[in-house]
Amino acid sequence: MDYNYNEIEQKWQEWWRKERVYEVKNESAKPHYYVLDMFPYPSGAGLHVGHPLGYIASDIYARYKRLQGFNVLHPMGYDAYGLPAEQYAIQTGQHPAITTEQNINRYREQLDKIGFSFDWSREVRTCEPKYYKWTQWTFLQLFKHYYDNGANKALPIVSLEECFAKQGSAGLDAACTEVMDFSAEEWNGWDEAKRQQVLMNYRLAYLADIPVNWCAELGTVLANDEVVNGLSVRGGYPVERKLMRQWSLRVSAYAQRLVDGLEEIDWTDSLKEIQRNWIGRSEGAAVWFPLAGNEEHSFEIFTTRPDTIFGVTFMVLCPEHELIDQITTPEQKAEVEAYVTWAKNRSERERQAEVKKVSGVFTGAYAINPLTEEKIPIWVSEYVLAGYGTGAIMAVPAHDSRDFAFARHFNLPIRQVVSLEKDVVSDPTTWEESMDAKTGYSVNSGFVTGMKVKEAMSAVIDHIEKMGIGHRTVNYRLRDAIFSRQRYWGEPFPVYYKNGIACTLPEECLPLELPEVSEFKPTTTGEPPLGHAQKWAWDEEKRCVVDKSLIDNKTVFPLELSTMPGFAGSSGYYLRYMDPHNDEAYFSKEAVEYWQKVDLYVGGAEHASGHLIYARFWNKFLHDIGMSVVEEPFQKLINQGMIQGRSNFVYRSKADNGLFISKGLIKNMDDVTAIHVDINIVDNDVLDIEKFRQWRPEFANARFELEDGKYVCGWEVEKMSKSMYNVQNPDDLVARYGADTLRLYEMFLGPVEQAKPWDTNGIEGVFRFLKKFWRLFDGSDGSNGSNGSLKILHQTIKKITDDIERFSFNTSVSTFMIATNQLTDLKCGSREVLEPLVVLIAPFAPHIAEELWHQMGHEGSVCDAQWPVCDPQYLVEDTVKYPVQFNGKMRFMLELPADADQQKALEAVKAAPESAKWLTGEPKKVIFVPKKIINIVC
RNA sequence: GCUCUGGUGGUGGAAUGGUAGACACGAGGGACUUAAAAUCCCUUGCCCGCAAGGGCGUGUGGGUUCAAGUCCCACCCGGAGUACCA
């Protein structure tokens, strides 16, 4: 009987759906395991072969765990809010909800064809009110909490209010936008507006005027991870810095816990490293430098090299620094103002493009080095950033490359205070670069002279702490996440404005549903698209949304016009899958206590500094308020590598426009023009000439110069894109080879974690294997397996189990091929051998496994079978290697049959001289490896 | 610049420090067939040799080891992340 994959796959996909084979309950006597894929944004282009790569890997693991007796949660859903649907809406007027729905249906159809074991009864869509109700709810909780550094967790803001009423800000150690200092009397005397303003300074979701990444083209602000090189990630439009009043999440409060948490999770080192770099923890000191001539005023700087304080030769402020106006001398005023204006008007892109260009201006003012009491000039320069540290630095040109470049440019003094060897100094004016390394000894440095750099660092900090002019501190590069987007297609904020004060909707009134709008563009007055919504005001008494014409600012107030960013909906979706239909809570206590966390998370590394930071933050916060039970949501993380496109080219002769020359015949690449050709009319780099002539009218009369009767195309690895005609649609492959072949082939392509170009050249081999595997079962009988076939089976069990555990799915496929070839040679029809083999292959090729399982007379799904256990007696190797030692050194590798008398052999080796003559038992083969080493095969 | 990765045949890629190149593609040869498809068998890292056999081989140069693709040091080349972060 032929392997009719189309019939088999359709039949079992329907059966799985009908029998609800993949639905799981939140209770079971079995141990639990949660396998999650990063849910997709359903784009209009549909899936290409790169998308399912990770899904196939996680599906294999999920199915494997299920066969091993785990209750496996393996859900799927859609990250349905996003910019492309909105931009499409602006262009066509088509509502994003409609296009999103269409795209989701298309995705679902494509996913179903590949035979995934998702529990679709738990599907979530971030754009549905019953889902985003809980996104909004979490926002409210963030708004209602602050971060207490002492307790090291989020606490209710009401407890902060009580504290302020009793003792003001005294003794408070909380994450905040700016440090505040007030007494209980002051607090109690303030009106509501002022108090709210103060509380806003502490809330975890807060409104503040902050410099944002404004993208005029998209009409919205963007988070730091949505901007690369001054351009928006989506669309590549220029982004400028602008001060705007925006909602933000105080992610920075969790910076240390986000660093610490990396220790306990099982992610790749490179991914952890990306996160560590993004968080950018650096230890150092905050030091106050007094102003010369005005010593009671001082300003704070941050340095990671307190040991170099004796080498400070100038100070630098960022152009935004508030001190500039106060300290600039009249003579320097014009120049400083011109510089500041120039710097502020530069676009982020210009600034980044000219990073190497040194610019700056002297303020005319001086500071006092608190340790040397020297007078040092204060400069202003762009190279000091407003957003990091305090926006002011002490410059040590001898030991910081940027300070060095600045000093050279403006001819400022350079003083060496660190040397690789004790008491050895050189003339810094001859240096070609600064000595930045934190190694060596302090020189010319007062009381720390002669100390090692590390010792000097803490000695200086101790000293300035004693003097009361500074302290040890830690700085993070991680900034708070800007949470407002001036867009339509996102979650509305459950917030209204009562005479300028942000108030939140009562929790019972959630979800606040996204209103209908007449247009998806910003309004003519520059408001976000929600400004077009008629019914967009909050009636405090009726507790409902009303028409905005009713706004009277007494009981009816305007609602927030921004929406939440993409990462809002994706930050907690893994928790919602645990209990997706709960209308009373985000998820029930029982559900989260049962599943705990995601055991295996599979997705792209491009989310390292976005989603994976936000989701960890989100989960830590939910943990603090008693919702999620563990701090780290994703125990093990696998990054599937990106699949690139493999483009094919034909070469048109420059001399003769109708002539195409086969690749091997081209003498000089300058004589031809390479033209992208659709990969669907190329097979194994050989062009289908007829299809090519039909492909486009201008090629209808193409002539060819062939090699061996074939036209061979060139190829190159590029991004998978329509314009390069290298997009491979999985549906075509499923139709041609079946889903099982596609699944196996995607795995066979190489390690899951490695980036690789898509290439169908090998798919025939995998297809051949499945056909062979299928044939193996023709005429299978109830006989017992021979020793040889059982050996093959048990070695296969061992190898496949090991491979799956280390996510080495490409070698698993090879293992199946080897076993199938061997069993075919043995003409093995034994049920005892073949039945476990079906179970082994079920995670990889579920359709064929299901069909064979039923043909063998089983009633239920192969998914409910038992993963076979390997019997060690069949694993014994034919030969065993024994290292033989003389004088404690390994001298021989003795290879003996597994059942040989090893003791006797070893004794014989020891007794004999160093040659192979003496070995009893007639050596079959004596291999002299290098010089003295002998491998002896008996 | 810094951090992380990787470098093995014509190609994708295998190798707990122990016979490098499994498995697959491609290529070459053959069987079956009127023919094609399908299937099966043999060869296939490079060099010398009719052969038996020998020599060389995992980016480069050193080192550790009886033994290195694998471990250590330096360098070269690719890929990714990040960047005046003090």
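Below, chains carry the letters A, B, ... as their sequence lines are ordered, and counting in each starts from 1.
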Looking at [X], I'd like to know whether one of its side-chain N or O atoms comes within less than 4.0 Å of OP1 or OP2 on [N].
X         : N      : value
Gln754(A) : G13(B) : yes
Lys272(A) : U3(B)  : no
Asn810(A) : C23(B) : no
Arg646(A) : U11(B) : no

So, [X] versus [Y]: side-chain donor-acceptor pair below 3.5 Å or not?
X         : Y         : value
Ser252(A) : Asp480(A) : yes
Tyr388(A) : Ser282(A) : yes
Ser359(A) : Tyr339(A) : yes

Return the nearest nucleotide to the side chain of [X]; candidates are [options].
X         : options                : answer
Lys756(A) : A15(B), A86(B), G13(B) : G13(B)
Ser814(A) : U82(B), A22(B), G13(B) : A22(B)
Asn821(A) : A24(B), U82(B), A86(B) : A24(B)
Trp278(A) : G12(B), U82(B), A86(B) : U82(B)
Ile818(A) : G81(B), A22(B), C4(B)  : A22(B)
Thr304(A) : A86(B), G13(B), C23(B) : A86(B)
Asp400(A) : C4(B), A86(B), A14(B)  : A86(B)
Met817(A) : A83(B), A14(B), C23(B) : C23(B)
Asn761(A) : A14(B), C25(B), C4(B)  : C25(B)
Lys772(A) : A83(B), A24(B), C40(B) : C40(B)

Quick one: closest heavy-atom pair of Ser458(A) and Arg472(A), and the distance?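 Nearest heavy atoms, Ser458(A) then Arg472(A): CB-NH2, 4.1 Å.
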
How far does the [atom1] atom of [N] sit from the matching atom of [M], given to the nearest Å?
N      : M      : atom1 : answer
A37(B) : G26(B) : P     : 13 Å
A15(B) : U8(B)  : P     : 15 Å
A14(B) : G63(B) : C1'   : 28 Å
C75(B) : G1(B)  : P     : 12 Å
G9(B)  : G59(B) : C1'   : 15 Å
A31(B) : A38(B) : C1'   : 14 Å
G7(B)  : C72(B) : P     : 14 Å
U33(B) : G28(B) : P     : 23 Å

At a cut-off of 3.5 Å, list every protein nitrogen or oxygen paired with a nitrogen or oxygen from nucleotides 36-38 of chain B, distance to 0.1 Å.
none

Report the distance from atom CG of Leu412(A) to atom CG of Asp403(A), rounding to the nearest 0.5 Å.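 Here the interatomic distance stands at 10.0 Å.
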
What is the pairing partner of [N], taking Watson-Crick or G-U wobble pairs with both distances under 3.5 Å in any strand?
N      : value
C2(B)  : G81(B)
G61(B) : C73(B)
A35(B) : none

Want to settle it: does Gly762(A) or Ala755(A) sit nearer the 5' end of RNA chain B, counting the closest nucleotide to each?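 Residue closer to the 5' terminus by nearest nucleotide: Ala755(A).
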
Let me know, please, whether Val384(A) or Thr815(A) comes out on the 5' side of the other along RNA chain B by nearest nucleotide.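 Going by which nucleotide is closer to the 5' end, it is Thr815(A).
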
Test of ring centre spacing under 6.0 Å for Tyr737(A) and Tyr745(A):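 For Tyr737(A) and Tyr745(A), the ring centres are not under 6.0 Å apart.
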
With heavy atoms under 4.0 Å as the rule, sort Ser282(A) into base, sugar-phosphate or nothing.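 The residue Ser282(A) makes sugar-phosphate contact but no base contact.
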
